[in-house]
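If you're wondering where the values come from, they're calculated on a predicted model, not measured in any experiment. The chains referred to below are lettered A, B, ... by the order of the sequence lines, with proteins before strands, and numbering in each begins at 1.
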Protein chains: 2
Amino acid sequence: MTVPTIPPASYEELRNELAEKHEGLSKRLKQIAEYALDNPNDMALETVSGIAERASVQPSSLIRFAKAFGYSGFSEMQRVFRSYLVESGTNYKDRIRSFRNEHDQDGAPRNIVLDDFIDGGIAALKNLRDVVDPDQFEAAIKILGKADVIYLAAQRRAFPVASYLAYAFAQLDKRCVLVDGNGGMFFQQGHSIRSGDALLAISFKSYSPEVIQLVKETREKAIPVVSISDGLLSPLSQNSDVSLEVEEVEVHAFRSLSATMTLALTLVVALGRELQK
Amino acid sequence: MTVPTIPPASYEELRNELAEKHEGLSKRLKQIAEYALDNPNDMALETVSGIAERASVQPSSLIRFAKAFGYSGFSEMQRVFRSYLVESGTNYKDRIRSFRNEHDQDGAPRNIVLDDFIDGGIAALKNLRDVVDPDQFEAAIKILGKADVIYLAAQRRAFPVASYLAYAFAQLDKRCVLVDGNGGMFFQQGHSIRSGDALLAISFKSYSPEVIQLVKETREKAIPVVSISDGLLSPLSQNSDVSLEVEEVEVHAFRSLSATMTLALTLVVALGRELQK
DNA sequence: AGAAAAATGGAATAAAAATTCCGTTTCGAG
DNA sequence: CTCGAAACGGAATTTTTATTCCATTTTTCT
């Protein structure tokens, strides 16, 4: 056992190293290398003795194996296998990190802040693809399509989304009321909703109490409520007939609205088609 | 802590359980539930004390948390989080594909629409990186930073951007006036601008005549004007001291606002920094 | 406001896991 | 065939990690 090189830091590197050195390895180590390439998941998640058993090898061989590739022990090597697991997964916060690093390199005097937001926005959009539940989306369109008048409720950060929707719905000749709280008449506006209408509420944490209250009240009247919010824990999701989930990334302590805006727009287009039938 | 139910065996079940029980949980447990939903990766891979630290919680609380959901200990719950990692890693790409096909067949093109907008949004953001002129951006920040009050003017499709900016500026303690034309008083609002202030106007084709007019009038008063618009041909650009160019992609006859929103946000953050000096 | 119950923090303990160590086996050169 | 070096197996040890326990704080109910 020689060649104490610098240990591979990414799964890809490790994979290559494994394939390359494979020939020169001893019997047991070969066996392990093969097992590792075939079952990266096990390597990432199982314990040393667990893997040892499955691969028909002694635990100590696994440690030797890791050391043969330059790691200080098995645990260190396992970290590499784990990093692979999270990268390939859905989680996108990590993707952002890798994005950033990519961009940091070219030393051009770019607008760093803008780059961050662009990367964040892109990540949020990609994530949107994964988290939007098609059934919920379908259901939302159904409800909104049937509604006589769509009431739009949103405050603060979410308000621009509602105002955009109001504009777009108007373009579609879909009647809507923007409950904007103008003149302190949030509830007066909101309470004029009635059977046959639908409420589309948008709010993110920290959730606007007015919007939450309106959602609850509307639901008690047995009027359908569609919500756009951030995650299952949102009080909006919990009190809506249908809820669409969006997660915006926070960059520099500010949240973008790219993903939410895109979802809103999609809603508009899908609704437009529904109405054409 | 009661209700020893059968513990959720899949990530999906666990997710739902988490959302459902969330309300009834104690402070610390709630905190953990939120962290878990936001960071499933950590829950799957980190050690108890690692997670405890990141979530600002005691290790023992994590064990209590797991037990509150019926598991024998944290490790058992962690297995569920891990199973999710494996599934999403292995089948991730396939899942998405099959998912799309499903819907293609029953003729529901929703996902396709969403995909189009997502792709469009991403393209617009990437484009933004190239078209924004750092010098102009810098100049815009200077002007806005020096302004006593920032007047925000936008109509129709651009209005949501202005309303978002109004919200964000308020967060920065930067005084601003949203010239929204409420009550038909667009010009009354707009004309109250005076020396020492600045106007930030946003408009896209077909350009809002009111906004154009306000820009011209303001400029005649020798008050600085910053504009966000689409291209150099825009009458806004031509009458502004500084103009920022954004190009949104049109998909299905609708324009998104992702890029514009991102630019707006960047402006906010950059302005925030400027103000701190 | 005060007592009882529930929740929490944090150190102590138990359990599990990784790693080392060493006697034994295998392999290859002379 | 024999010797030496490398590889291996497996128990012993160390380290890390999970879990428990109890004193203290916070909440709830009266």
B/L25 CG to C/dA7 C1', in whole Å, measures 12 Å
Query - A/E248 and A/K205: CA distance, side-chain angles, deciding distance, salt bridge (charged side-chain N to carboxylate O under 4.0 Å, His left out) verdict - result: CA-CA 11 Å; A/E248 292 284 2; A/K205 59 181 165 250; over 6 Å; no
Report each atom pair, protein N/O against N/O of nucleotides 23-26 of chain D, whose distance is under 3.5 angstrom.
none

note: A/R79, atom CZ; D/dT16, atom P; distance rounded to Å ~ 11 Å
Are A/E217 and A/H191 close enough that a side-chain donor and a side-chain acceptor fall under 3.5 Å? yes
Is the shortest side-chain N/O distance from A/S26 to OP1 or OP2 of D/dC8 below 4.0 Å?
yes
Can you tell me if CD on A/Q188 sees more than 12 non-hydrogen neighbours from other groups inside 6.0 Å? yes
Distance col, row B/M77:CE vs B/F65:CZ, nearest 0.5 angstrom, shows 4.5 Å
Between A/S61 and A/V57 (side chain of the first, backbone of the second, donor and acceptor by atom type, cut-off under 3.5 Å), is there such a pair? no
B/M77 CE to D/dA18 C1', in whole Å, measures 15 Å
Rounded to the nearest 0.5 Å, the CD atom of B/E46 sits from the CG atom of B/N39 at a distance of 10.0 Å
A/R64 has its side chain closest, among D/dC8, C/dT20, D/dC21, to D/dC8
From CG of B/L62 across to C1' of D/dT17 the rounded distance in Å is 13 Å
Residues at least two apart in sequence or cross-chain that pass salt bridge (charged side-chain N to carboxylate O under 4.0 Å, His left out) with B/D42, listed by chain then number, are B/R54
To the nearest angstrom, the CZ-P distance between B/F65 and D/dA18 comes to 16 Å
Hits for side chain to side chain donor-acceptor pair (under 3.5 Å) against B/E76, two or more places apart or cross-chain, chain-then-number order -> B/S72
Q. With a 4.5 Å heavy-atom cut-off, do A/F204 and A/T260 have their side chains touching?
A. yes
Rounded to whole Å, the NZ-P distance (B/K30 to D/dT27) equals 12 Å
Separation between OG (A/S256) and CD1 (A/I118), nearest 0.5 Å, reads 10.5 Å
Overall bend of the helix from C/dA1-D/dT30 to C/dG30-D/dC1 (five pairs an end, 10° steps) is 30°
Checking C/dT8, C/dA18, D/dC8 against the side chain of A/Q78 (C-beta onward), the nearest is C/dA18
Under-4.0 Å side-chain N/O to phosphate OP1/OP2 contact, A/Q58 with D/dC8 = no
Exercise. Side chain of A/Y71, backbone of A/P8: donor and acceptor closer than 3.5 Å?
Worked result: yes
Protein N or O to nucleotides 13-17 of chain C N or O, pairs below 3.5 Å:
none

Residues at least two apart in sequence or cross-chain that pass salt bridge (charged side-chain N to carboxylate O under 4.0 Å, His left out) with A/R156, listed by chain then number, are none
**Asked** D/dA7 phosphate, OP1 or OP2: any side-chain N/O from A/S61 under 4.0 angstrom?
**Response** no
From NZ of B/K67 across to C1' of C/dT8 the rounded distance in Å is 15 Å
Rounded to whole Å, CD1 of A/I32 lies from P of D/dA7 at a distance of 13 Å
Per atom distances to the A/F74 side chain, the nearest of C/dT19, D/dT20, C/dT8 is C/dT19
Query - Side-chain N or O of A/S60 closer than 4.0 Å to phosphate OP1/OP2 of D/dC8 - result: no
